[in-house]
There are 2 protein chains.
Amino acid sequence: MKTKILYVEDEPFLGRIVKESLESRELDVHMVMDGLAVLPELEQFLPDLCVLDVMLPNLDGFSVAKEIRQRYPHLPILFLTAKTQVEDVVQGFGVGGNDYLRKPFSMEELIVRIDNLLRMNKNQSFAPVRNTQAIYLGNYEFWPQKFELRLNDQTRKLSHRENELLKILAENRHQTISRKDMLMRVWGDDSFFNSRNLDVYITRLREYIREDPKLQLVTIKGIGYHFITD
Amino acid sequence: MKTKILYVEDEPFLGRIVKESLESRELDVHMVMDGLAVLPELEQFLPDLCVLDVMLPNLDGFSVAKEIRQRYPHLPILFLTAKTQVEDVVQGFGVGGNDYLRKPFSMEELIVRIDNLLRMNKNQSFAPVRNTQAIYLGNYEFWPQKFELRLNDQTRKLSHRENELLKILAENRHQTISRKDMLMRVWGDDSFFNSRNLDVYITRLREYIREDPKLQLVTIKGIGYHFITD
DNA sequence: TTGCAATAAGGTTAAACAAGGTTAATGAAA
DNA sequence: TTTCATTAACCTTGTTTAACCTTATTGCAA
């Protein structure tokens, strides 16, 4: 499957050139022209990387990045902007950006920077969970697109929330994941009630993975969880 | 423990300014002025990140980067150079660089870019304990990724704080570790209450390792602790 | 130099508190 | 009307705070 780029740009001219240029490098590019359209598209498309223009109608690129970062802590974000002031760069990294390229830029440079971010991120997250492949968790097979968790020849159907949560845990196994990240990605906010909700789902997932004692969902009180799979 | 930066720069003037500026941000900076001196220093110092000037005497920055990359696949490398041609940028990423900043640059921008690389790399660097499996402490086995401390066939689950603290002690066994370092790494600050907190956890860890009299957690009053494991 | 406070640092234990675990009941949607 | 998500109630555990005790270090007088 091709690497997927979500490209947010409101200048149609520049947009088309960049999009085509990236596509000619075997990247699957979706372009969005409005800040408000980014999050819905993101959830649909599940890209491997975002390229964001900063000046956008309705919702500026920095705000968009903040929202993205809340839900997807490891998704690489590259800003592409005419703002050349150092304060803008600082702000860009401050809201969770991972690179910042000033306009005008050369396509070559954009490409090597994209490649670099993808390379750095490869072992992180996100990317693993997508296509029709299974994720192996101890003796279990987890099929996130099918909402299924298998052990030998038993298959358990997962609900939407169960599936989302297990996906996040699986993507981030062997790292500590904050409760906040989980809440933002599964529920979209981290209010008190959703927080107790998360506890309920953690209990349920622990029950589902109980058959393999190698799988451990360790609580880190006050912080989050740590999923151990071997 | 401070984050360590290896800075390779042959212009003494610029070098001093950048070094001091980074040090004022609580980074531990070693500066090297010759391409050939980089690898030995690297192995000694084991930095968390390298900042490389490209034009160097004896061995240029790109070649140095290639060597570094061979040995340390995940160590972040940031190029800092007067070369502004796109081909140079492409080459920089091609040899394994992770960011490329053109001279003249602002200190602010360098700092946010360094922070960004460190943040992105957090979970896969080559720091001493992270990639290790078990750490053997006398008759005990300590599995920091699993939050487990084993003796023969008994396994004790450690809490987050217990685990962090034992990790620091284990990493620094046979050296004196200051209370301040421990507090900063486990609690993030060294206020009075956390300080008493540390005492409580030290007591607890002493109880956990009591079965092997070779293990001694020696108090050095007014300074810190010294963990003896044989 | 010895001996003896005085003080500060840390040790130990238990209580208080907050975070999360568990289970069941309620509510909403298909 | 069954399934899933949410809310609620009650329980367990880790972390922090507090109180009291022990040990090292310091300063000073004999």
Side-chain angles (χ1 to χ4, degrees), chain A residues 144 146-149 155-169 176-210 213 215-228, chain B residues 144 146-149 155-169 176-210 213 215-228:
Chain A
K146 298 186 174 173
F147 296 74
E148 282 177 5
L149 184 62
T155 297
R156 182 194 295 275
K157 269 277 171 199
L158 299 177
S159 80
H160 172 242
R161 300 260 130 126
E162 291 164 354
N163 194 63
E164 277 306 295
L165 191 55
L166 187 54
K167 201 154 82 180
I168 295 166
L169 291 166
T176 299
I177 319 150
S178 77
R179 285 178 71 85
K180 179 139 199 245
D181 286 355
M182 293 191 264
L183 285 163
M184 290 310 295
R185 272 191 63 187
V186 180
W187 282 273
D189 80 286
D190 62 341
S191 63
F192 170 76
F193 276 120
N194 285 333
S195 184
R196 299 318 317 276
N197 226 319
L198 173 59
D199 301 331
V200 173
Y201 277 89
I202 290 287
T203 299
R204 205 167 297 166
L205 287 183
R206 280 191 174 131
E207 191 193 323
Y208 294 176
I209 62 173
R210 202 174 36 193
L215 297 188
Q216 301 238 57
L217 196 36
V218 179
T219 307
I220 298 169
K221 233 176 183 178
I223 314 247
Y225 295 89
H226 193 113
F227 191 21
I228 299 169
Chain B
K146 297 188 173 183
F147 299 77
E148 282 176 5
L149 184 61
T155 297
R156 182 195 295 277
K157 268 275 169 202
L158 299 177
S159 81
H160 169 58
R161 301 271 195 231
E162 292 163 354
N163 193 63
E164 280 305 297
L165 191 54
L166 186 54
K167 201 155 82 180
I168 294 166
L169 291 166
T176 300
I177 319 149
S178 77
R179 286 178 68 85
K180 178 142 199 235
D181 284 356
M182 292 190 264
L183 284 163
M184 292 308 294
R185 276 192 56 191
V186 181
W187 282 273
D189 78 284
D190 62 341
S191 62
F192 169 75
F193 274 121
N194 285 334
S195 183
R196 299 318 318 277
N197 227 321
L198 173 59
D199 302 330
V200 173
Y201 276 89
I202 290 286
T203 300
R204 205 169 297 167
L205 287 184
R206 282 191 174 130
E207 191 194 322
Y208 294 175
I209 61 173
R210 203 174 37 192
L215 297 187
Q216 301 249 50
L217 196 36
V218 180
T219 306
I220 299 170
K221 230 176 183 178
I223 314 256
Y225 295 89
H226 192 112
F227 190 21
I228 299 172

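A note on names: the letters A, B, ... follow the listed sequences, proteins ahead of strands, and every chain is numbered from 1. Please read all numbers here as calculations on a predicted model, not as lab measurements. Values reported hereafter were calculated over all heavy atoms of this structure, with side chains retained and with hydrogens, waters and symmetry mates removed.
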Trainee: Take B:N194 and B:M182 through the test side chain to side chain contact (heavy atoms under 4.5 Å, CB included) and record every step on the way to the result.
Mentor: CA-CA 10 Å; B:N194 285 334; B:M182 292 190 264; over 6 Å; no

Trainee: Within the structure, does a side-chain N or O atom of B:T203 lie under 4.0 Å from either OP1 or OP2 of C:dT12?
Mentor: yes

Trainee: Kindly point out which of C:dG11, D:dA8, D:dT16 is positioned nearest to the side chain of A:F193?
Mentor: D:dA8

Trainee: Base, sugar-phosphate, or nothing: which does B:T219 touch, judged by heavy atoms less than 4.0 Å apart?
Mentor: sugar-phosphate

Trainee: Provide, to the nearest angstrom, the distance between the CE atom belonging to B:M182 and the P atom belonging to C:dG10.
Mentor: 9 Å

Trainee: Give me the atom names and distance for the closest heavy-atom approach of A:S159 to A:Y201.
Mentor: OG-CE2, 4.3 Å

Trainee: Across the strands shown, which category fits B:R179 at heavy-atom distances under 4.0 angstrom: base, sugar-phosphate, nothing?
Mentor: sugar-phosphate

Trainee: Yes or no on side chain to side chain contact (heavy atoms under 4.5 Å, CB included) for A:W187 and A:R161, after CA distance, side-chain angles and deciding distance?
Mentor: CA-CA 8 Å; A:W187 282 273; A:R161 300 260 130 126; 2.8 Å; yes

Trainee: Roughly how many Å is it from CG in A:N194 to C1' in D:dA5, rounded to a whole number?
Mentor: 10 Å

Trainee: Could you give the CG-to-C1' distance, from B:L205 to C:dG11, as a whole number of Å?
Mentor: 14 Å

Trainee: Roughly how many Å is it from CD1 in A:I223 to P in D:dT15, rounded to a whole number?
Mentor: 10 Å

Trainee: Please tell me which of the listed nucleotides, D:dT17, C:dG11, D:dA24, lies nearest to the side chain of B:K221?
Mentor: D:dA24

Trainee: Using a strict 4.0 Å threshold on nitrogen-to-oxygen distance, state whether B:E148 and B:R156 make a salt bridge.
Mentor: no

Trainee: Under 4.0 Å, heavy atoms only, any strand: does B:S159 hit a base, just the sugar-phosphate, or nothing?
Mentor: sugar-phosphate

Trainee: Starting from the 5' end of DNA chain D, give me the residue, A:N197 or B:V200, whose nearest nucleotide shows up first.
Mentor: A:N197

Trainee: From CG of A:D189 over to P of D:dT6, roughly how many Å is that when rounded to an integer?
Mentor: 10 Å

Trainee: Please give, in whole Å, the distance from C:dG10 P to B:L217 CG?
Mentor: 13 Å

Trainee: Nearest-Å distance, CD (A:E162) to C1' (D:dA5)?
Mentor: 10 Å

Trainee: Would the base of C:dG21 count as contacting A:R196 through its side chain, where contact means a donor and an acceptor less than 3.5 Å apart?
Mentor: yes

Trainee: Looking at B:E162 and B:R204, is any side-chain nitrogen of the basic one under 4.0 Å from a carboxylate oxygen of the acidic one?
Mentor: yes

Trainee: Is A:W187 near enough to D:dA5 that one of its side-chain N or O atoms lies under 4.0 angstrom from OP1 or OP2?
Mentor: no

Trainee: Taking only side-chain N and O atoms of A:R161, does any of them lie within less than 4.0 angstrom of OP1 or OP2 on D:dT6?
Mentor: yes

Trainee: For A:Y225 and C:dG21, is the shortest distance between a side-chain N/O and OP1 or OP2 below 4.0 Å?
Mentor: yes

Trainee: May I have the distance from B:Y208 (atom OH) to C:dG11 (atom C1'), rounded to whole angstrom?
Mentor: 16 Å

